[in-house]
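Everything below concerns the one structure shown next.
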Amino acid sequence: MIVEIILFAVGLVLLIKGSDYFVEAASRVAKGFGVSEFIIALVLASIATTLPEVTVSAISSYQGNPDIALGNAIGSALANIALILGVSALLRPLSVEKTAWKNSLFMVGVTAYAGLLMYDGTIGRLDGLSLILIYFGFLYYLYRKHMTLEELPEGGRGNPRRDALIMLASGLVVVTGAKLVVDSAVTIARAYGVPEVVIGLTMVSIGTSLPEFTNSLMATIKRLPNISVGNIIGANILDVLMVIGIASLINPIRVDATVFTFTLPLTLLVMGLLTAVLRLTGRIDRVTAGIFLAIYGYFLYVYSTG
């Protein structure tokens, strides 16, 4: 038990310090490449925190368990908005740039498209390929629209490529810390007789979103709301397009009825609400944060009693 407590503490330190470096590096990268903090968080930050999830889903699919990826991707997308942005905006309202709502709308669109692919009960290889191609098309669009490095003045832009490596490395540190925290917490909880359903609903389900959680909270604390929101929207787009896409490309996914009839509609609801408030007000206030958290509380209640 002492070892588990030590691992928990080490994981917590890695989470906090890694997120600190991660957020600061993301801000420097944005300035260095001449793009907004939101766009950097939308792409690089989300890749850094979601890449392990993509890898795990791919391995699970290769080993004959592709269905895990679907529930994980949709559940993480719900938690990212309803829980993480809910807590972050409750701490401090998040005002973001005007392009945020357009990327949020794209997130709704690709999630709805994934929902259409689920309608017949299976996400096949061609379906998965289409999701992956959409993601690369999205990256190409962002590159053509926002990358303006050649137009930057020679002085004062630092070393954005080095900072990008620092950001990616610190993202991996955050992911490692999250794994240590979750694994040790589960072991400790079981030792104290905490019911498995409670462990599953809290530590395990939230654990996959812990890197996004700490990064968004740190960005909120440092008054960098564009990084906080951009990281979440980017992670959700990557979850839907790449986590599901790669897993189904390796092995077709059988769609669980609960995911399609309950988790997906609830996820689309919070995505739609996020897009609406960003379009109308350009910010996530505490009232919206309260609504998000209430929805996530409802999700946990239904899941635990069902």
Side-chain heavy atoms under 4.5 angstrom apart, residues restricted to Ile, Leu, Val, Met, Phe, Trp, Tyr: same cluster for [X] and [Y]?
{"X": "L168", "Y": "Y143", "value": "no"}
{"X": "F292", "Y": "V302", "value": "yes"}
{"X": "I246", "Y": "L131", "value": "yes"}
{"X": "V13", "Y": "I188", "value": "no"}
{"X": "L165", "Y": "V29", "value": "no"}

If you round to the nearest 0.5 Å, how far is [atom2] of [Y] from [atom1] of [X]?
{"X": "S248", "Y": "I253", "atom1": "OG", "atom2": "CD1", "answer": "4.5 Å"}
{"X": "I221", "Y": "S88", "atom1": "CD1", "atom2": "OG", "answer": "8.5 Å"}
{"X": "L278", "Y": "L105", "atom1": "CG", "atom2": "CG", "answer": "10.5 Å"}
{"X": "L293", "Y": "T288", "atom1": "CG", "atom2": "OG1", "answer": "11.0 Å"}
{"X": "E37", "Y": "N226", "atom1": "CD", "atom2": "CG", "answer": "6.0 Å"}
{"X": "D239", "Y": "T111", "atom1": "CG", "atom2": "OG1", "answer": "9.5 Å"}

Least distance between heavy atoms, [X] atom then [Y] atom:
{"X": "A77", "Y": "T267", "value": "CB-CG2, 4.0 Å"}
{"X": "G18", "Y": "V173", "value": "CA-CG1, 4.2 Å"}
{"X": "A82", "Y": "Y296", "value": "CB-CB, 3.7 Å"}
{"X": "L14", "Y": "G177", "value": "CB-CA, 3.8 Å"}
{"X": "I233", "Y": "S104", "value": "CD1-CB, 3.9 Å"}
{"X": "V259", "Y": "G71", "value": "CG2-CA, 4.2 Å"}

Is it true that a side-chain atom of [X] and a backbone atom of [Y] form a donor plus acceptor pair closer than 3.5 Å?
{"X": "S170", "Y": "M167", "value": "yes"}
{"X": "T214", "Y": "P211", "value": "yes"}
{"X": "T187", "Y": "D183", "value": "yes"}
{"X": "R125", "Y": "I250", "value": "yes"}
{"X": "T281", "Y": "R283", "value": "yes"}
{"X": "D67", "Y": "R254", "value": "yes"}
{"X": "N251", "Y": "P66", "value": "no"}
{"X": "S228", "Y": "S216", "value": "yes"}

(message) Taking the six-membered ring for Trp, are F138 and Y141 closer than 6.0 Å centroid to centroid?
(response)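 No; Y141 has its ring centre 6.0 Å or more from that of F138.
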Is any side-chain heavy atom of [X] less than 4.5 Å from a side-chain heavy atom of [Y]?
{"X": "F106", "Y": "I134", "result": "yes"}
{"X": "F8", "Y": "L180", "result": "no"}
{"X": "L70", "Y": "V255", "result": "yes"}
{"X": "M271", "Y": "L78", "result": "no"}
{"X": "M107", "Y": "I81", "result": "yes"}
{"X": "I6", "Y": "V3", "result": "no"}
{"X": "R92", "Y": "I284", "result": "no"}
{"X": "Y140", "Y": "R144", "result": "yes"}

(request) Mind running side chain to side chain contact (heavy atoms under 4.5 Å, CB included) on L269 and L273 for me, showing each step along the way? (result) CA-CA 6 Å; L269 173 65; L273 179 58; 5.6 Å; no
(message) Side chains of D127 and S130: any donor to acceptor distance under 3.5 Å?
(response)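 Their side chains do not contain a donor-acceptor pair, so the 3.5 Å distance test is not met.
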(request) Please list, chain by chain and in numerical order, all residues satisfying side-chain contact (heavy atoms from CB on, under 4.5 Å) with T261, sequence neighbours excluded. (result)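 By the side-chain contact (heavy atoms from CB on, under 4.5 Å) rule, T261 matches no residue at all.
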More than 12 non-hydrogen atoms from neighbouring residues, nucleotides or ligands closer than 6.0 Å to [atom1] on [X], yes or no?
{"X": "R223", "atom1": "CZ", "answer": "no"}
{"X": "L126", "atom1": "CG", "answer": "no"}
{"X": "R286", "atom1": "CZ", "answer": "yes"}

(request) Quick one: do E97 and N103 satisfy side chain to side chain contact (heavy atoms under 4.5 Å, CB included)? Show the steps, please. (result) CA-CA 11 Å; E97 63 177 61; N103 289 286; 6.0 Å; no
(request) Run the numbers on F299 and T263 for side chain to side chain contact (heavy atoms under 4.5 Å, CB included), then give the verdict. (result) CA-CA 8 Å; F299 168 73; T263 309; 3.9 Å; yes
(request) Let me know which of I84, I232, T220, N231 forms a side chain to side chain contact (heavy atoms under 4.5 Å, CB included) with N215. (result)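 Running side chain to side chain contact (heavy atoms under 4.5 Å, CB included) over I84, I232, T220, N231 with N215 returns exactly one hit, N231.
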(request) Please step through side chain to side chain contact (heavy atoms under 4.5 Å, CB included) for the pair V229 and L42, ending with a clear verdict. (result) CA-CA 8 Å; V229 178; L42 185 74; over 6 Å; no
(request) Mark yes or no: K17 above the aromatic ring of Y21, with NZ or CZ under 6.0 Å from the six-membered ring centre and no more than 45 degrees from the axis. (result)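 Pair K17/Y21 counts as cation-pi.
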